[in-house]
Amino acid sequence: MRLSQGFFPTQKEVPADAIVPSHQLMLRAGLMRQLGAGIFSFLPLGYAVMKKVMQIIREEMDAIGGQEFHLPALNPIELWEETDRVKAFGDIMFHVKNRPLVLAPTHEEVITAIAKNYLKSYKDLPQIWYQIQAKFRNEPRPKSGVLRGRQFTMKDSYSMDATWEGLDNSYDLHAEAYKKIYTRCGLKFFIVGASSGAMGGSRSQEFMVESQAGEDALVLCDKCDYAANIEVATSKISSAQRFEKSESIKEIHTPNVKTIDEVSAFLKMPLSQCAKSLVYIHEETPVLIFMLGNDQLNETKLQSVLSGNLRPAHPEELLQLTGANAGSIGPIGLKAKFKIIADKRLENANNLVCGANKNDYHIINVDFNRDVKIDEYHDLRTVEDKELCPHCNNPLRITKAIEVGHIFKLGTKYSESMKANFLDEEGKEHPLIMGSYGIGVERIIACFIEQHHDEYGIKWEKSITPYDVHLICVNANSEEVVKVSEEFYQQLQQEKISVLYDDRKNVSPGFKFKDADLLGIPLQIIVGEKNLKDGKIEIKNRQTGKRELINKNEVFNFVNKYINEFNVNLPSDGVQMDVVIKELIVKTLILAEGNQSKAAKMLNISRSQLRYRLDRHNINFENLNKNILKQEYIYLPSDGVQMDVVVKELIIKTLILAEGNQSKAAKMLSISRSQLRYELDKYKIEVQKSVILNEEDQKRKEQLKTEIRYLEEERDKLLSEHYTEEEQQKIKLTEEEQYKNKIKDFEEKIKQLVDKLDELIEKKIA
RNA sequence: CGGGGUGUGGCUCAGCCCGGUUAGAGCGCUUGGUUCGGGACCAAGAGGUCGGAGGUUCGAAUCCUCUCACCCCGACCA
């Protein structure tokens with residue numbers, strides 16, 4: 001595509017409304033424009049990326065036997081009444097004004113309606129049906145650009161099975177497919193246990209991307225594999241203690257003492273002896289909830305204990321039901337009948353401080369076993385930062401994240417309410433056992449940009465870049481430059497390499513470079529007058545920022561090689577070899593669906609070597625999470641890459657970073673010098689070939705060569721002069737000696753220079 | 001839904017508190033010329049019912065009332 005003819009509205013200034021980087025860059029780079037709150041138009045460049053992402057999703061869904069549908073977004077409202085989800089969604093669902101229709105926020109109902117009519121036998125099962133389509137949700141507050149919109153594109157799929165084992169299988173297939181999708185899209189992700197919410201069902205997991213722009217909080221353990229949404233996370237924490245002697249209860253006047261901290265300070269009681277009371281209304285019944293000290297109630301956990309309508313009580317209700325305002329509520333002397341539940345930490349606790357249900361009074365020495373009838377104890381608290389991991393006692397970390405996918409085991413929730421039944425082998429009728437699985441397409445793009453950008457713009461990965469290469473005609477007034485650019489453009493197009501060609505006239509070079517960096521296409525081919533004079537073309541790698549000058553006629557090979565090979569992107573201070581190998585193995589395992597022999601084959605290593613690596617890097621494929629994908633340095637094509645190739649590339653790149661200094665490189669790689677020497681030996685020939693001198697070195701080398709040539713010429717001249725017969729006759733012995741000495745000098749000098757050159761090359765090759 | 005903020009050429013914003021010529025700037029756009037490797041320069045132009053409605057006033061972008069839209073924080077969120 002020619003930039004002069006296409007629609008690529010880039011912006012120099014940061015749009016005022018955009019706060020998060022992905023939002024800013026999607027607008028600046030001209031991927032999309034906003035039409036209303038949470039509604040976006042995708043422009044050609046943005047849609048090109050969407051198509052790439054959707055294609056990856058299709059390939060992976062098809063690979064697990066998914067069949068693509070295209071369902072209507074406009075749904076009869078009756079359909080949603082069957083499952084009672086008109087009420088469940090409430091204001092979130094868009095209703096059509098002039099017909100009894102709704103805009104579908106998801107598609108369980110439509111799928112189940114089809115399944116109900118046609119999946120009548122166990123022989124028809126299992127099925128995986130999916131679609132990639134617009135979803136409509138009337139979000140109360142759209143935000144952060146495409147991260148939370150009212151209309152968005154979603155891949156949603158549904159599995160129908162005859163058995164629960166079948167559901168497990170379909171669910172696992174999706175989990176594997178999702179890992180591959182995110183890996184191929186270049187996302188660093190986590191898999192966490194999640195709450196199923198109103199979707200219902202027995203199990204759900206979320207695929208999360210760590211980001212400051214995220215709206216979810218994750219609890220992560222950096223040591224083991226524990227990772228969970230804060231809505232369901234737990235930690236290792238001690239219960240309130242039970243004192244040997246239960247003191248008798250006593251009412252105490254506590255004027256103006258409301259919060260738990262104030263109570264604790266006023267009564268000089270530790271927080272671990274204070275019970276906080278909260279009142280919720282559950283389906284018209286008041287519920288009194290106790291938390292220890294300052295523990296935060298986790299409403300999601302509460303909701304899973306008390307299914308149905310649940311809300312905090314209003315202040316007037318508090319007074320009416322308990323006889324006191326918030327801050328003085330407790331278990332003793334309640335006016336109304338309450339259901340009483342408490343957090344597990346309070347089980348069997350005694351000598352506690354509680355409100356007295358009388359304003360400005362508290363009761364001390366409450367014994368939960370003696371004075372109160374607690375109906376149930378449950379884990380209701382919200383995990384706090386630095387608490388200990390429930391699996392390995394390591395301090396937990398809480399971080400923000402964006403949900404890019406969610407998979408649910410629905411079970412029979414929808415099939416039962418819609419009577420979607422099938423007959424088993426014995427002719428007995430059962431509801432279909434279903435799963436539902438979603439991926440937000442725009443969120444993948446926004447998350448990718450959150451993870452892959454710098455101050456200048458986006459840095460696309462090969463897998464989802466809108467174009468493979470960005471061809472820049474630096475100066476459209478130079479005939480030669482235009483001619484060569486046009487040739488490249490034709491050639492690349494012929495070879496089916498997608499190319500964005502900046503052929504704009506009257507646009508200054510700086511403008512073109514800035515635009516190219518903003519758009520972030522991975523490879524920039526820069527055709528300029530300066531380099532063209534020497535028959536050279538500059539190629540800039542947007543991800544690494546590295547520029548290379550190559551011969552004009554090698555451009556096509558270079559591009560082709562780049563497109564077909566994997567990437568190793570290193571930070572300027574290098575990276576440990578083990579880290580890269582670990583990432584390689586994890587990613588290969590994902591691509592190999594966890595099949596170890598397949599992975600070993602892809603890596604071209606033995607199975608025992610793979611096992612050794614799995615052990616060494618502590619990789620547990622079943623519990624794969626952020627631990628493993630914390631940082632990303634390599635990009636793999638979908639059929640993987642051999643381990644040797646990666647190691648070789650890593651070493652070469654590290655040596656370049658270390659400017660050929662072997663001990664520095666070894667330190668960067670965190671391996672011993674002898675190991676590095678061994679590896680160098682192993683890849684010796686290729687390494688020499690791949691040595692890249694930087695510009696300065698190149699110049700220096702040329703200089704030395706010229707000098708040597710000059711000296712050699714001088715020497716030859718002297719020699720020839722010396723050895724011509726005519727001269728010989730003329731020259732006296734002493735003179736001859738002089739010449740000989742001079743030649744000796746020259747020889748000496750040449751030898752020094754050759755040594756110097758060798759040293760330089762040696763240093764580069766290291 | 002609660003709190004805060006913003007609506008002025010295509011974009012980013014100034015002007016508003018304290019009402020008063022023809023509403024400004026930079027970027028972008030058009031035309032001509034110069035320039036051409038990191039967001040060039042000169043000159044001449046086009047483009048705005050100041051979100052909308054009502055009010056106060058001799059006079060409103062500016063003050064008042066209502067309303068709509070958008071953004072941010074919170075609540076909510078499969």
Side-chain angles (χ1 to χ4, degrees), chain A residues 9-20 23-24 27-28 30 33-39 83 85 88-93 104-109 135-145 147-150 152 154 156 194-201 204-206 213-216 229 231 299-300 303-304 310-312 402-403 405-410 413-414 436-440 455-457 472-479 481-482 502 504-518 524 526-533 536-538 540 545 547 549:
Chain A
T10 56
Q11 289 178 315
K12 214 180 333 189
E13 274 155 317
V14 178
D17 286 345
I19 307 294
V20 302
H23 188 194
Q24 293 176 343
L27 292 172
R28 284 228 294 137
R33 285 291 117 102
Q34 179 166 345
L35 190 61
I39 312 174
T83 52
R85 284 170 108 199
F89 273 110
D91 199 40
I92 292 289
M93 188 150 68
T106 172
H107 278 85
E108 280 79 10
E109 279 74 4
K135 294 281 180 285
F136 299 86
R137 293 181 190 183
N138 184 21
E139 294 290 347
R141 184 154 103 81
K143 58 179 286 197
S144 309
L147 283 175
R148 177 165 293 276
R150 293 203 169 123
F152 56 95
M154 184 173 173
D156 46 324
S195 146
S196 301
M199 283 300 267
S204 93
Q205 281 172 301
E206 286 171 319
E215 301 183 77
D216 287 276
N229 195 306
E231 291 176 344
E299 287 202 16
T300 310
Q303 182 81 62
S304 65
L310 187 71
R311 63 170 174 84
I402 300 165
E403 176 190 337
H406 204 158
I407 55 180
F408 297 87
K409 288 186 183 176
L410 293 175
K413 176 176 163 155
Y414 296 90
S436 136
Y437 319 88
I439 289 183
E455 57 188 307
Y456 304 107
I472 301 174
C473 171
V474 174
N475 184 342
N477 293 326
S478 156
E479 267 180 46
V481 170
V482 172
D502 195 344
R504 290 175 295 184
K505 307 206 184 305
N506 296 318
V507 173
S508 68
F511 214 102
K512 291 183 178 178
F513 295 140
K514 292 284 184 191
D515 264 353
D517 287 348
L518 175 60
Q524 296 173 14
I526 303 169
V527 185
E529 220 164 5
K530 213 171 64 185
N531 295 318
L532 206 53
K533 250 183 239 159
K536 301 278 188 190
I537 301 296
E538 181 181 334
K540 177 175 168 182
R547 302 148 184 280
L549 280 180

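So you know, we letter chains A, B, ... as the sequences are listed, proteins then strands, and number each from 1.
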Given [options], which nucleotide is nearest the side-chain atoms of [X]?
{"X": "A:Asp17", "options": "B:C70, B:G38, B:G37", "result": "B:C70"}
{"X": "A:Lys12", "options": "B:C71, B:C27, B:G37", "result": "B:C27"}
{"X": "A:Gln34", "options": "B:C71, B:C77, B:U12", "result": "B:C71"}
{"X": "A:Glu299", "options": "B:C13, B:C76, B:G38", "result": "B:C76"}
{"X": "A:Glu13", "options": "B:C70, B:C11, B:G37", "result": "B:C11"}
{"X": "A:Asp517", "options": "B:G38, B:C77, B:C11", "result": "B:G38"}
{"X": "A:Pro140", "options": "B:G37, B:C70, B:A75", "result": "B:A75"}
{"X": "A:Lys540", "options": "B:G38, B:C73, B:G37", "result": "B:G38"}
{"X": "A:Ser508", "options": "B:C70, B:A40, B:C76", "result": "B:A40"}

> Which whole-number value in Å describes the distance from A:Asn506 CG to B:U35 C1'?
Replying inline: 10 Å
> Within this structure, what is the CG-to-P distance between A:Asp502 and B:G38, rounded to whole angstrom?
Replying inline: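 Between P of B:G38 and CG of A:Asp502: 15 Å.
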Gap in Å between the two [atom1] atoms, one belonging to [N] and one to [M], rounded:
{"N": "B:G47", "M": "B:G38", "atom1": "P", "answer": "36 Å"}
{"N": "B:C18", "M": "B:A75", "atom1": "C1'", "answer": "40 Å"}
{"N": "B:G28", "M": "B:C63", "atom1": "C1'", "answer": "35 Å"}
{"N": "B:G26", "M": "B:G20", "atom1": "P", "answer": "23 Å"}
{"N": "B:C76", "M": "B:C29", "atom1": "P", "answer": "47 Å"}
{"N": "B:G48", "M": "B:G55", "atom1": "C1'", "answer": "25 Å"}
{"N": "B:U67", "M": "B:G7", "atom1": "C1'", "answer": "13 Å"}
{"N": "B:G10", "M": "B:C1", "atom1": "P", "answer": "31 Å"}

> Can a side chain N or O of A:Gln11 be found less than 4.0 Å away from OP1 or OP2 on B:G10?
Replying inline: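 For A:Gln11, the contact criterion (side-chain N or O under 4.0 Å from OP1 or OP2 of B:G10) is not met.
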>> Using OP1 and OP2 only, check whether a side-chain N or O of A:Arg141 sits under 4.0 Å from B:C73.
In response: yes
Who is the Watson-Crick or G-U wobble partner of [N], with both distances under 3.5 Å?
{"N": "B:G74", "result": "B:C1"}
{"N": "B:C66", "result": "B:G52"}
{"N": "B:G45", "result": "B:C29"}

Assign [X] to base, sugar-phosphate, or nothing according to its heavy-atom contacts below 4.0 angstrom with the strands shown.
{"X": "A:Arg33", "result": "nothing"}
{"X": "A:Arg504", "result": "nothing"}
{"X": "A:Thr300", "result": "nothing"}
{"X": "A:Pro9", "result": "nothing"}
{"X": "A:Lys505", "result": "nothing"}

> Does A:Lys512 or A:Glu206 map to a spot on RNA chain B nearer the 5' end, using the closest nucleotide for each?
Replying inline: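 With A:Lys512 and A:Glu206 compared, the 5'-side residue is A:Lys512.
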>> Quick check against the 3.5 Å criterion: does A:Arg150 have a side-chain atom that pairs as donor or acceptor with the backbone of A:Glu139?
In response: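 Pair found, side chain donor or acceptor close to backbone of A:Glu139.
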> With no hydrogens and no angle check, is any side-chain donor or acceptor of A:Asn138 less than 3.5 Å from a backbone partner on A:Asp91?
Replying inline: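 At least one qualifying donor-acceptor pair exists.
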>> Could you report the tightest heavy-atom contact between A:Arg28 and A:Glu13, atom names first, then the distance?
In response: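 So the minimum-distance heavy-atom pair works out to CD-O, 3.4 Å.
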>> Once hydrogens and angles are ignored, does a donor-acceptor distance under 3.5 Å link the base of B:G37 to the side chain of A:Asn475?
In response: no
